[in-house]
Amino acid sequence: MKTTPLEPGNFYHYYNRGNNKENLFRSDNNYQYFISLMFKYLPSIADVYSYCLLPNHFHLILRIKDENQLGFEYFNHRQISQPFSNFFNAYAKAFNKMYCRTGSLFQKHPKRIKVSNSDYLKNLIIYINTNSSHHRVANFETYKYSSYQDLISNESTDISRKEVINLFDDIENFKSILRMKKDITL
């Protein structure tokens with residue numbers, strides 16, 4: 001399967017799961033480390049709009065920065081993809097070392113889908129932020145490993161909160177829509 005090229009100014013749904021459906025996250029430290037690496041490697045080339053980490057898979061919504069926001073070193077697809085490679089490799093190496101395992105942690109390459117319109121983007125934001133409820137892992141409103149708490153908080157965050165909330169008009173509308181559509185499927 002050919003990988004969708006990353007293009008400046010576009011949104012992408014990034015996702016993957018553990019190799020052989022194994023867990024990617026076994027402890028709170030694993031989740032926290034993945035999130036810290038995401039915000040270490042990706043801000044140079046993308047804005048994070050939403051994420052959800054579940055034991056055996058993850059979802060991210062990212063907007064690749066516009067050409068004028070990217071440094072000169074990111075003028076082609078391969079260079080834009082390098083921070084993703086660094087991020088996933090750093091996590092896999094640390095996870096393998098921590099659990100004395102070898103081999104691939106992730107199932108093949110991460111998948112990504114270009115988000116083609118604002119309705120799809122909004123539905124995807126709803127889906128990803130309610131994914132823990134959808135998979136019956138935890139109530140999305142209290143789940144620690146998704147962007148939901150950052151999106152509804154007034155605390156400082158690396159998430160593109162303002163842009164996400166603007167898609168739903170305001171925070172109360174955002175919360176209400178997510179509560180109504182927590183079982184949405186794409």
Side-chain angles (χ1 to χ4, degrees), residues 6 8 11-19 21-65 69-71 73-74 78-113 115 124-125 127-135 137-165 174 178:
L6 293 169
F11 288 93
Y12 294 88
H13 176 199
Y14 248 85
Y15 57 101
N16 205 349
R17 65 180 176 187
N19 197 23
K21 300 180 185 178
E22 294 174 18
N23 283 351
L24 296 171
F25 310 103
R26 296 183 186 175
S27 72
D28 183 63
N29 288 339
N30 297 152
Y31 289 100
Q32 294 300 333
Y33 189 60
F34 187 92
I35 292 166
S36 72
L37 289 175
M38 176 173 62
F39 288 115
K40 175 182 177 181
Y41 287 106
L42 300 187
S44 64
I45 50 104
D47 298 314
V48 179
Y49 274 58
S50 288
Y51 68 87
C52 187
L53 313 180
L54 295 172
N56 72 348
H57 71 282
F58 68 86
H59 294 274
L60 310 174
I61 300 175
L62 306 166
R63 182 186 175 277
I64 303 300
K65 293 185 178 198
Q69 296 173 301
L70 294 170
E73 68 271 25
Y74 297 116
R78 185 180 180 120
Q79 291 164 324
I80 291 175
S81 296
Q82 191 60 51
F84 289 97
S85 178
N86 295 345
F87 165 35
F88 297 128
N89 286 333
Y91 182 75
K93 286 178 183 177
F95 186 91
N96 282 350
K97 184 176 180 179
M98 176 178 272
Y99 295 108
C100 300
R101 71 180 297 280
T102 59
S104 179
L105 175 62
F106 297 104
Q107 179 181 327
K108 301 184 183 180
H109 298 289
K111 287 130 187 103
R112 61 181 178 239
I113 298 171
V115 178
L124 194 56
I125 289 168
Y127 174 74
I128 288 174
N129 282 285
T130 61
N131 206 246
S132 62
S133 290
H134 175 78
H135 287 284
V137 171
N139 182 316
F140 80 90
E141 293 177 285
T142 58
Y143 190 59
K144 297 190 311 188
Y145 310 116
S146 82
S147 51
Y148 181 75
Q149 291 299 321
D150 285 335
L151 289 168
I152 64 167
S153 169
N154 289 322
E155 301 295 318
S156 177
T157 183
D158 293 319
I159 295 286
S160 295
R161 176 192 300 136
K162 181 181 173 187
E163 292 81 357
V164 171
I165 297 304
F174 176 69
L178 266 66

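As the structure is a prediction and not an experimental result, all values here were calculated from the model. Each residue takes its place number in the sequence, starting with 1.
From T157, atom OG1 reaches atom CD1 of I152 across 12.0 Å, with rounding to the nearest 0.5 Å. A distance of 10.0 Å separates CG in L42 from NZ in K65, rounded to the nearest 0.5 Å. In this structure, the separation between OG on S156 and CZ on R161 is 7.5 Å, given to the nearest 0.5 Å. Put simply, OH on Y15 and CG on L60 are 12.0 Å apart, with the number rounded to the nearest 0.5 Å. Note that the CD atom of E141 and the OH atom of Y148 stand 4.5 Å from one another [nearest 0.5 Å]. Atom-to-atom distance recorded for S132:OG and K144:NZ is 12.5 Å, nearest 0.5 angstrom.
Between the side chain of R26 and the main chain of F95, no donor-acceptor pair closer than 3.5 Å is present. Between the side chain of S36 and the backbone N or O of Y33 there is at least one donor-acceptor pair closer than 3.5 Å.
A heavy-atom distance below 4.5 Å is found between the side chains of F174 and I125. I128 is listed as a side-chain neighbour of H13, based on a closest heavy-atom distance under 4.5 Å. At least one side-chain heavy atom of L70 sits less than 4.5 Å from a side-chain heavy atom of P8.
In terms of heavy atoms, S133 sits closest to F140 at OG-N, 2.8 Å. Listed here is the closest heavy atom pair of N23 and L105: O-CD1, 4.3 Å. In plain terms, the two heavy atoms of G103 and R101 that are nearest each other are O-NH1, 3.6 Å. Contact detail for N16 and L24: the closest heavy-atom pair is O-CD1, 4.3 Å.
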Let me have the donor-acceptor pairs involving side chains of residues 45-57, under 3.5 Å, with sequence neighbours excluded, atom names and distances please.
from: S50; atom 1: OG; to: N129; atom 2: ND2; distance (Å): 2.9
from: H57; atom 1: NE2; to: N131; atom 2: OD1; distance (Å): 3.4

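A donor atom on one side chain and an acceptor atom on the other are found under 3.5 Å apart for N30 and Y99.
For the ring-ring contact (aromatic ring centres under 6.0 Å, His included) with F84, the qualifying choice from Y14, F106, Y12, Y41 is Y14, the only one to do so. F25 pairs in a ring-ring contact (aromatic ring centres under 6.0 Å, His included) with only one of the listed residues (F58, Y145, Y91), which is Y91.
Annotation for N154: atom CG does not count as buried by contact number, only 12 or fewer foreign heavy atoms lying within 6.0 Å. No more than 12 heavy atoms of other residues, nucleotides or ligands lie within 6.0 Å of NE2 in H109, so this atom counts as exposed by the packing criterion.
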